[in-house]
Protein chains: 4
Amino acid sequence: MHRQGEILAAAFEVFAAHGYEAARIDDVARQAGIAKGTVYLYFRDKQRLFQAVVRNLIPKRFDVLVKSLPGRPAEVVTALLSQMYLNVVRNERVRSIVRLLVAESGRFPHLAEIYHQEIVVPGMRAMRQALARGMEDGEFRESDALQFPQIVVAPALLALVWQLLFADSHPLDLETYMKAHMEFVLGSLERVRA
Amino acid sequence: MHRQGEILAAAFEVFAAHGYEAARIDDVARQAGIAKGTVYLYFRDKQRLFQAVVRNLIPKRFDVLVKSLPGRPAEVVTALLSQMYLNVVRNERVRSIVRLLVAESGRFPHLAEIYHQEIVVPGMRAMRQALARGMEDGEFRESDALQFPQIVVAPALLALVWQLLFADSHPLDLETYMKAHMEFVLGSLERVRA
Amino acid sequence: MHRQGEILAAAFEVFAAHGYEAARIDDVARQAGIAKGTVYLYFRDKQRLFQAVVRNLIPKRFDVLVKSLPGRPAEVVTALLSQMYLNVVRNERVRSIVRLLVAESGRFPHLAEIYHQEIVVPGMRAMRQALARGMEDGEFRESDALQFPQIVVAPALLALVWQLLFADSHPLDLETYMKAHMEFVLGSLERVRA
Amino acid sequence: MHRQGEILAAAFEVFAAHGYEAARIDDVARQAGIAKGTVYLYFRDKQRLFQAVVRNLIPKRFDVLVKSLPGRPAEVVTALLSQMYLNVVRNERVRSIVRLLVAESGRFPHLAEIYHQEIVVPGMRAMRQALARGMEDGEFRESDALQFPQIVVAPALLALVWQLLFADSHPLDLETYMKAHMEFVLGSLERVRA
DNA sequence: CATGAATGAGTGTTCATTCAT
DNA sequence: GATGAATGAACACTCATTCAT
């Protein structure tokens with residue numbers, strides 16, 4: 001289905017640019033270089049097109065990316081966060097997905113659910129494993145971060161949302177921000193500090 | 001303008017429930033208990049109504065809330081975060097505003113800008129002051145958190161977004177989460193640790 | 001609801017001319033001299049408009065027309081048939097209704113049902129009464145026509161259908177036809193014949 | 001053209017079920033087990049397909065059926081009516097044709113004309129001959145039924161229309177109805193009666 | 001000020017028809 | 001001949017906006 005892929009790509013751009021309601025099937029078709037009716041050969045209606053678009057953006061083997069990184073726990077945590085900045089915060093597509101999910105999760109509740117299962121849960125599992133290993137090894141002190149690995153990752157999400165809202169007027173120096181984030185996180189996790 | 005306030009209140013509910021595009025002026029009028037035409041006596045068009053709604057939701061004296069809290073720096077930081085959970089994360093109205101801002105910041109870029117000025121900047125200033133005082137006092141170690149006070153607050157934003165996306169299927173235990181957040185933050189900031 | 005009546009009148013013309021599917025709401029609006037959207041202020045959708053049109057065409061007090069005609073049974077029968085030719089066969093509106101009912105009874109089964117109750121049943125009751133009286137009086141011989149008064153009326157329906165199908169190419173001389181119909185019916189009913 | 005016949009058969013079912021406008025070429029193709037484009041190899045467009053369908057349903061040698069039935073005039077009349085109930089009223093295909101003709105004769109006036117020539121005229125001729133023979137023989141009294149043989153047949157048409165409109169809610173006992181019809185007709189035609 | 005009937009441009013969706021394979 | 005993907009005109013229906021009352 002080459003056509004289907006083209007339509008999904010075009011639809012993603014239009015939905016990302018305008019949101020679900022304001023997106024025009026006409027624009028999707030034009031963007032894909034096809035006639036409006038053709039869209040309906042591949043997707044029954046606008047809702048299914050939207051859902052297909054969002055589902056299609058889920059990385060197929062996301063868990064692989066975050067699993068079994070080698071190195072000392074601190075390095076693993078750093079590497080996970082690095083990956084997150086590289087693949088999530090800096091990735092405009094991903095930012096658009098987050099925007100769409102936030103905007104439309106009221107209308108399409110199960111889409112958020114899918115992302116929870118496919119992205120959030122594996123991501124949290126990986127981070128939790130790294131933290132647990134650090135504590136077992138004695139490198140990290142005991143803390144509730146194990147229960148809420150989200151807390152460790154939160155600054156990356158904030159950066160993402162910041163870019164969504166303020167990229168134009170108040171862009172974030174992501175490089176420096178990321179380093180500060182890592183330093184802050186390790187500062188809280190690591191047992192010994194100068 | 002009592003009437004105007006009623007319209008704004010009604011419009012907020014409708015916009016919050018459906019987003020800008022899907023919101024119906026008809027619903028706003030019905031919600032306000034007036035005729036549809038009356039809305040147009042107070043607002044030139046839907047765009048201005050929306051902007052007025054969002055602007056209207058900015059707390060008038062927000063900076064007061066976050067300024068000059070008494071106590072030791074650690075207590076100030078904790079108090080600031082507490083306030084954030086109380087007034088932001090747990091407040092459904094605020095969650096809706098964030099959702100609207102994320103969803104519509106593409107269409108209304110200056111709205112995000114307003115919130116940056118009125119909310120984000122004062123909030124960051126307060127947090128930065130508390131951190132700076134802690135470092136001056138020697139209670140907090142030196143860190144880049146001063147440059148990016150967002151990092152300290154980030155877990156609260158994550159909690160807010162989490163509630164937006166997963167409140168139904170995977171609600172967060174906010175009380176415990178907040179405590180973990182504070183412990184994590186102080187763990188990173190404070191100089192001495194057992 | 002003056003407007004509603006105008007729309008119903010316009011809609012009847014359009015539906016009668018083209019049938020349900022081929023009728024265009026645009027044409028209804030144009031025929032009524034209003035904007036398309038206005039139609040939807042009075043009727044939720046095309047289906048309800050159609051049903052309202054058809055229901056609206058049912059004579060309010062049809063049963064009155066056919067009840068208690070004075071005179072000898074043969075005269076009553078003749079009068080009933082006369083009325084049928086005047087009000088049904090010769091009436092273009094009624095012909096259109098019959099066409100619509102035949103055409104769309106598959107799509108709107110309850111419309112036929114309504115006409116059965118409101119028109120067919122009262123009409124048959126009147127004719128049956130006249131026949132019964134004739135038999136009681138000894139003017140009419142006993143026959144199964146009592147069980148099926150439709151048979152007595154059938155030639156009028158045939159004339160109606162004939163006009164629908166062949167009015168242009170092979171119009172019926174209704175005056176003569178009606179007389180032949182009456183003579184034929186009385187010829188079968190009346191006991192004594194020269 | 002075996003293929004053409006299959007398409008015509010499929011198209012008849014679809015047109016009969018939904019009427020001209022609501023019929024979908026897609027459904028015709030699916031019903032015929034072929035691709036949609038194939039329909040257009042055999043018929044230039046939907047209109048011609050419809051016309052071909054309706055024309056195709058005219059019995060090739062209908063006049064043969066109704067001509068030169070042996071027996072006494074009363075028997076011939078009865079036989080003609082019997083045939084009509086058997087082949088017309090009870091035949092669902094024929095009922096569908098009548099419905100289509102009534103519904104679409106506005107759009108396709110010449111189709112009614114064809115049926116007039118091929119079916120109505122021969123049918124009326126046969127009935128008229130039977131009546132004329134009965135009068136010549138002295139079995140039937142003189143009447144205008146000769147001029148309007150439709151009158152004799154009308155109850156059968158009424159039964160057909162009745163089935164179209166009320167088959168589900170108020171079905172007709174066709175057997176009894178037909179006998180009443182015949183009795184009524186002969187009662188009017190025959191010279192001598194008890 | 002307030003109303004709500006009226007408007008008509010705009011949108012999602014359908015479907016007869018075409019045509020490259 | 002046969003296919004079925006592609007087209008795009010057309011239609012039902014919506015809704016922001018206007019305005020006479």
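Labels below follow one simple rule: chain letters A, B, ... track the order of the sequence lines, proteins then strands, and each chain is numbered from 1.
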Given atom CG of B:L41 and atom P of F:dC19, what is their separation to the nearest angstrom?
13 Å
Rounded to whole Å, CG of A:L49 lies from C1' of E:dT13 at a distance of 13 Å
Qualifying residue, where the test is ring-ring contact (aromatic ring centres under 6.0 Å, His included) with C:F50 and the options are C:F43, C:F12, C:F15
C:F15
Are OP1 or OP2 of E:dA5 and a side-chain N or O of C:R3 less than 4.0 angstrom apart?
no
B:Y20 OH to F:dC15 P: how many Å, rounded?
14 Å
Would you mind telling me which residue lines up with the more 5' stretch of DNA chain F, A:V39 or B:D45, judged by nearest nucleotide?
A:V39
Checking E:dA6, E:dA2, E:dG12 against the side chain of C:Y42 (C-beta onward), the nearest is E:dA6
Proximity to the side chain of D:Y40 - top-ranked nucleotide from E:dA16, E:dT7, E:dG4
E:dA16
Closest nucleotide of DNA chain F for B:R24 versus for A:G33: which of these residues is on the 5' side?
A:G33
C:R48 has an atom CZ; how far is it from atom P of F:dA12, in whole Å?
16 Å
Take B:G37 and D:Q47, find for each the nucleotide of DNA chain E with the closest heavy atom, and name the residue whose nucleotide sits nearer the 5' end.
B:G37
Tell me the interatomic distance from B:D26, atom CG, to E:dA6, atom P, rounded to whole angstroms.
15 Å
Rounded to whole Å, CD of B:E21 lies from P of F:dT14 at a distance of 17 Å
So, for C:V14 and C:A23, which heavy atoms are closest and what is the spacing to 0.1 Å?
CG1-CB, 3.7 Å
Nearest heavy atom decides the nucleotide; on that basis, is A:A23 or B:K36 closer to the 5' end of DNA chain E?
B:K36
Check this for me: does any side-chain nitrogen of one of A:R24 and B:E21 sit under 4.0 Å from a carboxylate oxygen of the other?
yes
In whole angstroms, how far is the P atom of E:dT14 from the NZ atom of A:K46?
14 Å
Find the partner of E:dT21: check Watson-Crick (N1-N3 plus N6-O4 or O6-N4) and G-U wobble (N1-O2, O6-N3) distances, both under 3.5 Å, and reply none if neither fits.
F:dA2
Hey, is the side chain of A:R44 poking within less than 4.0 Å of OP1 or OP2 on E:dG12, counting only N and O atoms?
no
When the distance from CZ of B:F43 to C1' of E:dA2 is rounded to whole Å, what number comes out?
15 Å
Taking atom types as modelled and ignoring hydrogens, do the side chains of A:Q51 and A:H110 form a donor-acceptor contact shorter than 3.5 angstrom?
yes
B:R99 and A:S105: side-chain donor and acceptor closer than 3.5 Å?
yes
